[in-house]
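Values in this document were obtained by computation on a predicted structure and should not be read as measured data. Values reported hereafter were calculated over all heavy atoms of this structure, with side chains retained and with hydrogens, waters and symmetry mates removed.
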Amino acid sequence: MADTKKIKIKLVKSLIGASEAQRKVVRGLGLTKKDQVVEHLNSATIMGMVNKVSHLLEVAE
């Protein structure tokens, strides 16, 4: 599989004021606290979730 590259996702902004849908997406990515970093495989599903809340996240490869 060519897309086995991992990406690091960091929550850089607080979820205070975020909608419930945005909170669920962030939780689905495995992020619970500000400045927390998780690693995921670079897949279309994960990138779709990242695009939904991109204003709250920082992504590094």
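Scanning both residues, Asp35 and Lys10, for their nearest heavy atoms gives OD1-CE, 3.6 Å.
The distance from atom NZ of Lys52 to atom CE of Met49, rounded to the nearest 0.5 Å, is 11.0 Å.
Proximity of Met47 to Ile7: side-chain heavy atoms (C-beta onward) are separated by under 4.5 Å at one or more points. With contacts defined as side-chain heavy-atom distances shorter than 4.5 Å, the pair His55/Lys13 does not qualify. No side-chain heavy atom of Leu41 sits less than 4.5 Å from a side-chain heavy atom of Ile46. Residues Glu20 and Arg23 have side chains in contact (heavy-atom distance under 4.5 Å, counting atoms from C-beta outward). Lys33 is not listed as a side-chain neighbour of Leu11, based on a closest heavy-atom distance of 4.5 Å or more.
Linking Ile, Leu, Val, Met, Phe, Trp and Tyr residues whenever their side-chain heavy atoms come within less than 4.5 Å leaves Val59 and Val37 in two separate clusters. Cluster membership for Val12 and Val50, using ILVMFWY side-chain heavy atoms within less than 4.5 angstrom, is not shared.
Put simply, the side chain of His40 never gets that close to the backbone of Ile9: no donor and acceptor are under 3.5 Å apart.
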Step by step, would you call Leu56 with Leu31 a side-chain contact (heavy atoms from CB on, under 4.5 Å)? CA-CA 11 Å; Leu56 301 173; Leu31 295 163; over 6 Å; no

